[in-house]
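Quick notes on the structure that follows.
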Amino acid sequence: MTPDVRNQKKTIMRLRFQQACEAHQEGNYEEAAQRISQIHQMVSSYMGVDSDLYWFGLNLTITWAEFFLQDDTRDFNAWAVGQACTALRAAA
């Protein structure tokens, strides 16, 4: 797979992830689940074919699962900033 095609696939996964975050924040949980499912389907298709895309997509789905399981906020960006701050405090 060429680097350009790989970057296009990553962009599609990022877009689906952002759409899932926006849908979740708006309370449209079914649409959010559908978008994450689309990413998961892409991840499954890259297993054994392209490890870079596989791990990129897998990391997105893991991040989504961690966000989805927490109870603090429906806003992914706020949650992600909190996670980053926690990691920085732990590293200091």
Side-chain angles (χ1 to χ4, degrees):
M1 184 175 306
T2 68
D4 287 342
V5 171
R6 183 175 289 115
N7 286 335
Q8 289 173 352
K9 303 292 185 186
K10 284 183 177 181
T11 298
I12 291 168
M13 285 191 275
R14 280 188 203 102
L15 177 61
R16 296 292 180 265
F17 190 86
Q18 185 61 40
Q19 290 168 339
C21 292
E22 291 168 358
H24 187 270
Q25 187 172 354
E26 294 168 1
N28 191 345
Y29 305 117
E30 192 170 314
E31 181 182 342
Q34 181 181 11
R35 298 298 179 211
I36 294 302
S37 179
Q38 290 170 342
I39 295 170
H40 181 70
Q41 289 170 357
M42 293 176 77
V43 168
S44 297
S45 70
Y46 299 136
M47 186 170 41
V49 176
D50 189 306
S51 63
D52 185 46
L53 285 173
Y54 173 77
W55 286 107
F56 179 79
L58 190 61
N59 283 327
L60 284 177
T61 57
I62 290 168
T63 300
W64 177 262
E66 291 173 354
F67 166 66
F68 188 75
L69 291 174
Q70 56 82 36
D71 293 332
D72 297 334
T73 180
R74 289 189 335 180
D75 183 337
F76 177 81
N77 291 329
W79 176 80
V81 168
Q83 294 298 306
C85 290
T86 300
L88 285 173
R89 280 192 297 270

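- In terms of hydrophobic clustering, with Ile, Leu, Val, Met, Phe, Trp and Tyr side chains grouped at heavy-atom distances under 4.5 Å, Ile36 and Leu15 are assigned to different clusters.
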Please tabulate, for side-chain N and O atoms in residues 42-50, each donor-acceptor pair with protein atoms closer than 3.5 Å (sequence neighbours left out).
{"from": "Ser44", "atom 1": "OG", "to": "His40", "atom 2": "O", "distance (Å)": "3.1"}
{"from": "Ser45", "atom 1": "OG", "to": "Met42", "atom 2": "O", "distance (Å)": "2.7"}
{"from": "Asp50", "atom 1": "OD1", "to": "Arg6", "atom 2": "NE", "distance (Å)": "3.4"}
{"from": "Asp50", "atom 1": "OD1", "to": "Asp52", "atom 2": "N", "distance (Å)": "3.1"}
{"from": "Asp50", "atom 1": "OD1", "to": "Leu53", "atom 2": "N", "distance (Å)": "3.0"}
{"from": "Asp50", "atom 1": "OD2", "to": "Arg6", "atom 2": "NE", "distance (Å)": "3.0"}
{"from": "Asp50", "atom 1": "OD2", "to": "Arg6", "atom 2": "NH2", "distance (Å)": "2.7"}

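- With hydrophobic clusters built from ILVMFWY side chains whose heavy atoms lie under 4.5 angstrom apart, Ile39 shares a cluster with Val5.
- Going from atom CD of Glu26 over to atom CZ of Arg74 covers 9.0 Å, rounded to the nearest 0.5 Å.
- A search for side chain to side chain donor-acceptor pair (under 3.5 Å) contacts involving Glu22 returns Gln18, not counting sequence neighbours.
- The heavy-atom pair separating Arg14 from Leu60 by the smallest distance is N-CD1, 4.4 Å.
- In this structure, the separation between CG on Asn28 and CD on Gln19 is 11.5 Å, given to the nearest 0.5 Å.
- Hydrophobic cluster membership is shared by Phe56 and Ile62, with clusters built from Ile, Leu, Val, Met, Phe, Trp and Tyr side chains linked at under 4.5 angstrom.
- Between Thr73 and Ala78, the shortest heavy-atom contact is OG1-CB, 4.4 Å.
- The CD atom of Glu31 sits 7.0 Å away from the CD atom of Gln34 when rounded to the nearest 0.5 Å.
- Atom OG1 of Thr61 and atom CD of Glu66 lie 10.0 Å apart (nearest 0.5 Å).
- Using a distance-only test at 3.5 Å, with no hydrogens or angles considered, a donor-acceptor pair links the side chain of Gln70 to the main chain of Asp72.
- The minimum heavy-atom distance linking Ala32 with Ala20 is given by the pair CB-O, 3.4 Å.
- Phe67 meets the ring pair (Phe, Tyr, Trp, His ring centres under 6.0 Å) test with His24, Trp64, Phe76, Trp79; sequence neighbours excluded.
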